[in-house]
Amino acid sequence: MKSVSTLANFELWPLFRRYTQFCIVGGSGLVVDMGIIWLLADPSMLGWNLTLSKVIAAEIAIFNNFLWNDLWTFRGLGAERSCWLARLIRFGKFNLICVAGIALSVLLLNVQVYWLHMNVYLANFLSIVAASVWNFFMNLKFGWSHKAKPQTELMPGARLR
């Protein structure tokens, strides 16, 4: 497994590991979103309005993702982890960043489908990837970073040159 050991020694490995964790958390959010929208909007369940159901499902998924990212992906990066006010502020930032990511995804999807005439599913996949990279780096910079921490603490395992 030389390739795995090479990757582990790569300077960006901690960042890649965090991004992988971020994507796993995002996958759990997808499951939460789909489950809630099924529960709320499916005619055999509650049969609520689709738009209202989607807004509620998305917000619950965002809350789910925030909790898991706070506890796992960005663990150790929130300066005041036990302070509820600091957590609430991080959640507000996370929510705004995710909403901006959704807007970016919709914009990219429309550009790719209507201007570049790409397949809608390929365009959607590329839009999701771009939005996930946006969400990750914006949350790393604005949601969980602490300005007083040196770079090596932000990315455990990173080496100073």
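All heavy atoms count here, side chains included; hydrogens, waters and symmetry mates do not.
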Hey, what do you get for CG (N69) to CG (N135), rounding to the nearest 0.5 Å? 9.5 Å

Non-hydrogen atoms of N119 and Y121 that approach each other most closely: OD1-N, 2.8 Å

Taking the hydrophobic residues Ile, Leu, Val, Met, Phe, Trp and Tyr, and joining any pair whose side-chain heavy atoms are under 4.5 Å apart, which ones share a cluster with L85? I89

Test of ring centre spacing under 6.0 Å for F66 and W72: no

Working to the nearest 0.5 Å, report the span between CG of L71 and CH2 of W68. 6.5 Å

Indicate if L88 and W84 have the same hydrophobic cluster label, given that clusters are the connected sets of ILVMFWY residues with side-chain heavy-atom separations under 4.5 angstrom. no

Minimum-distance pair of heavy atoms, taken over all atoms of R75 and R18: O-NH1, 4.0 Å

In residues 21-32, what donor-acceptor pairs under 3.5 Å come from side-chain atoms, sequence neighbours left out?
from : atom 1 : to  : atom 2 : distance (Å)
Q21  : OE1    : R17 : NH1    : 3.0
S28  : OG     : V25 : O      : 2.6
S28  : OG     : N64 : ND2    : 3.1

Under 3.5 Å, is there a donor on one side chain and an acceptor on the other for Y19 and T73? no

Rounded distance (nearest 0.5 Å) linking atom CD1 of I36 with atom CD1 of I60: 4.5 Å

Is there a side-chain contact (heavy atoms from CB on, under 4.5 Å) between L15 and L140 once you walk through the steps? CA-CA 10 Å; L15 190 62; L140 185 62; 3.6 Å; yes

Spacing of I37 atom CD1 and K54 atom NZ [to the nearest 0.5 Å]: 5.0 Å

Could you go through residues 91-103 and list every donor-acceptor pair under 3.5 Å that involves a side-chain atom there, pairing it with any protein atom two or more places apart or in another chain?
from : atom 1 : to   : atom 2 : distance (Å)
K93  : NZ     : F142 : O      : 3.2
N95  : ND2    : E59  : OE2    : 2.7

Give, for atom OG1 of T20 and atom CZ of F136, the distance between the pair rounded to the nearest 0.5 Å. 8.5 Å

Would you say the side-chain atoms of W144 and D70 include a donor-acceptor pair closer than 3.5 Å? yes

How close do V106 and N110 get, counting heavy atoms only, and between which atoms? O-ND2, 2.8 Å

If you count the non-hydrogen atoms of other residues, nucleotides and ligands that lie under 6.0 Å from CE in M34, is the total more than 12? no

Please check if L109 and L116 belong to a single hydrophobic cluster, counting links between Ile, Leu, Val, Met, Phe, Trp and Tyr side chain heavy atoms closer than 4.5 Å. no

Please give me the minimum heavy-atom distance between V120 and V113, naming the atom from each residue. CA-CG2, 3.8 Å

Is there a path from L52 to M45 through hydrophobic residues (I, L, V, M, F, W, Y) whose side chains come within less than 4.5 Å of each other? no

Should L104 and M118 be counted in the same cluster of Ile, Leu, Val, Met, Phe, Trp and Tyr side chains packed under 4.5 Å apart? no

To the nearest 0.5 Å, what is the distance between CG on L108 and CG on L126? 9.0 Å

For the residue pair A41 and L50, what are the closest heavy atoms and their distance? CB-CD1, 4.0 Å

